[in-house]
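To start, the structure itself, in structure tokens.
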There are 2 protein chains.
Amino acid sequence: MSETAAKEGPAREAEKEETGPGHIRQRNRTLILTAAEEIFAEQGYRGATTAAIAERAGLPKANVHYYFGTKEALYRAVLDDILTLWLGELDRLTEDSDPADALADYIRAKIVHSRERPLASRVYANEMIRGAKHTRDFLKQDLKSLVKTKSRVLESWVAQGKMEPVDPVHLFSIIWAATQHYADFEVQVSALVGRRQMTAKDYDEAAETIVRMVLRGCGLNYGKG
Amino acid sequence: MSETAAKEGPAREAEKEETGPGHIRQRNRTLILTAAEEIFAEQGYRGATTAAIAERAGLPKANVHYYFGTKEALYRAVLDDILTLWLGELDRLTEDSDPADALADYIRAKIVHSRERPLASRVYANEMIRGAKHTRDFLKQDLKSLVKTKSRVLESWVAQGKMEPVDPVHLFSIIWAATQHYADFEVQVSALVGRRQMTAKDYDEAAETIVRMVLRGCGLNYGKG
DNA sequence: GCAAAACCTGACCAGTTGGTCAAAATTATT
DNA sequence: AATAATTTTGACCAACTGGTCAGGTTTTGC
């Protein structure tokens with residue numbers, strides 16, 4: 001994508017008072033990006049107003065436009081942050097790792113993400129639902145080639161006799177759908193488990209259920225299976 | 001919910017020219033509801049404008065307000081339609097049916113839904129992502145009690161030794177997530193399979209992959225499993 | 001055929017929106 | 001200390017938004 005994500009500040013002590021050139025820009029951009037992620041997740045693209053984002057960030061509206069220009073540029077920057085966060089996630093799937101361990105680890109990591117950064121997941125889900133107008137290139141290039149790479153890993157696992165053949169696109173789709181569901185549809189799942197908020201145990205049980213279905217679906221052992 | 005869904009017109013021949021009292025109301029409400037589902041799915045609640053809905057329906061904006069009053073009432077009517085459509089969906093899960101057959105049928109039916117009415121799914125997904133402000137009661141009452149009823153069916157299957165125990169809430173969550181993903185994230189899946197639009201075969205393969213994982217995850221037979 | 005009910009709609013309105021700008025305040029550089 | 005660069009912000013604007021309404025047209029019931 002285009003905009004650069006929030007970078008680390010100067011590697012100083014963990015002191016509040018940062019100094020040096022650009023530290024104001026750094027702080028305010030982060031404030032705005034965080035606020036924007038919240039508002040975009042809660043209200044959708046069109047529903048989010050720059051005024052609401054500014055208020056949540058504790059800055060005047062004109063300041064938001066000073067740093068990001070337009071609402072659309074800010075939205076792209078938020079998406080950039082999310083995609084950067086998600087991109088390296090598939091690293092644990094390698095040819096010589098154990099399929100069951102690798103897939104289970106990946107699923108559990110994705111569930112942790114759903115618990116810890118549900119807002120990011122919701123912004124992304126919103127973007128997909130509305131047709132991925134700002135993410136077309138990412139999907140057709142970065143994500144597609146990443147999936148292609150990882151498909152070869154799956155094929156090698158199959159060739160090594162480690163697992164049954166499974167269509168990789170559908171496998172990833174199911175894993176992503178199931179794990180992100182706990183972020184995007186949190187309100188529905190919460191209602192069904194009868195709690196105002198899901199507990200850590202709820203998320204763990206969700207992860208184990210998904211792991212169980214995926215592993216057995218791939219002809220791998222899980223529990224009694 | 002409150003508003004009534006689109007009802008069947010008088011059971012006449014399949015003629016275009018309907019007559020009789022209320023036929024105008026019937027026709028225009030359907031036109032507006034269909035247009036509204038499209039616009040709400042594409043733009044989200046806030047992004048959808050009554051003007052855009054009216055234009056898509058081929059009617060002046062004031063006409064939309066004549067039939068539905070407010071944008072919010074129209075949105076609730078659209079949601080009503082969707083929920084009514086989805087409510088009777090779980091009927092095939094009964095105590096004396098075969099778990100493998102019943103679950104497989106249900107998953108395949110849900111995938112058909114994702115293919116044939118993706119817009120409805122997207123409106124619902126959007127509503128969940130944004131916190132289900134208009135659907136709280138449905139979630140906590142109708143859906144929760146329905147899931148509770150169906151949980152007893154699952155428990156009876158387990159008691160009959162037909163399948164392994166599985167947490168019903170997570171099982172349904174995974175099924176819904178995986179199947180609806182093909183409607184909500186259609187643009188992403190399309191990009192990954194490398195087609196502008198998914199084919200019927202793509203949907204069938206998706207369904208079979210989900211069925212395979214769910215059945216084996218429940219300790220049921222599927223293919224070589 | 002006629003009155004009542006239902007339907008239609010252009011014109012209008014008050015509130016909101018993303019975005020601009022110029023002048024002031026602060027921070028960085030020399 | 002002086003100058004340059006960056007940051008801050010209230011005031012402003014044109015476009016758009018959901019919603020209203022009065023007066024007209026069509027459909028319905030009898």
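Reminder, nothing fancy here: chain letters follow the sequence lines and each chain counts from 1.
Summarising the geometry of B:A120 relative to B:I82, their closest heavy-atom pair is O-CD1, 3.5 Å, with the distance given to 0.1 Å.
Remark on DNA chain C: of its neighbouring residues A:A62 and A:A48, the 5'-side contact belongs to A:A48, judged by nearest-heavy-atom nucleotide. Between B:K71 and A:P60, the residue whose closest nucleotide on DNA chain D is further toward the 5' end is A:P60. Comparing B:K61 and B:R25 along DNA chain C, the residue whose closest nucleotide (by nearest heavy atom) sits nearer the 5' end is B:R25.
The phosphate of C:dC8 (OP1 or OP2) has no side-chain N or O of B:Y66 nearer than 4.0 angstrom. Listed pair B:H23 / D:dT27 fails the phosphate criterion, with no side-chain N or O lying under 4.0 Å from OP1 or OP2. Look at A:N28 and you won't find any side-chain N or O under 4.0 angstrom from OP1 or OP2 of D:dT6.
Taking atom CD1 on B:I32 and atom C1' on C:dC7, their separation rounds to 12 Å, with Å as the unit. As rounded to whole Å, 14 Å separates atom C1' of D:dC12 from atom NE2 of A:H65. Counting to the nearest Å, the P atom of C:dT26 and the CZ atom of A:R27 are 14 Å from each other. When rounded to the nearest whole Å, the span between CZ of B:R29 and P of C:dC7 equals 11 Å. One can place CD of B:E55 at 15 Å from C1' of D:dT17, the figure rounded to the nearest angstrom. Here the C1' atom of nucleotide D:dA5 and the CD1 atom of A:I24 are 12 Å apart, to the nearest Å. A:Y67 has its OH atom 18 Å from the C1' atom of C:dG19, to the nearest Å. Atom CG of A:L59 is separated from atom C1' of C:dG19 by 17 Å (rounded to the nearest Å).
Ion pairing between A:E208 and A:R108 holds under the 4.0 Å rule for side-chain N and carboxylate O.
Judged purely by distance below 3.5 Å, without hydrogens or angles, the side chains of B:D81 and B:T84 never pair a donor atom with an acceptor atom.
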Let's go through B:T30 and B:Q26 carefully: what are the C-alpha distance in whole Å and the side-chain angles of both, what is the deciding distance for side chain to side chain donor-acceptor pair (under 3.5 Å) to 0.1 Å, and is it a yes or a no? CA-CA 6 Å; B:T30 303; B:Q26 166 63 31; 3.3 Å; yes
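In the set C:dG18, C:dT9, D:dT8, C:dG18 carries the atom at the smallest distance from any side-chain atom of A:T50. Closest approach to the B:N63 side chain among D:dT9, C:dT9, D:dT7 is made by C:dT9 (side chain taken as heavy atoms from C-beta onward).
If you look at A:H170 and B:Y182, their ring centroids are closer than 6.0 Å. Ring centroids of B:W86 and B:Y124 are separated by less than 6.0 Å, placing the two rings close together.
The structure places OH of A:Y45 at 14.5 Å from CD1 of A:I39, a figure rounded to the nearest 0.5 Å.
Of the residues in residues 39-46 of chain A, those placing a heavy atom less than 4.0 Å from an atom of DNA chain D are A:R46, in numerical order.
The residue B:A54 sits apart from the nucleic acid: no heavy atom pair falls under 4.0 Å.
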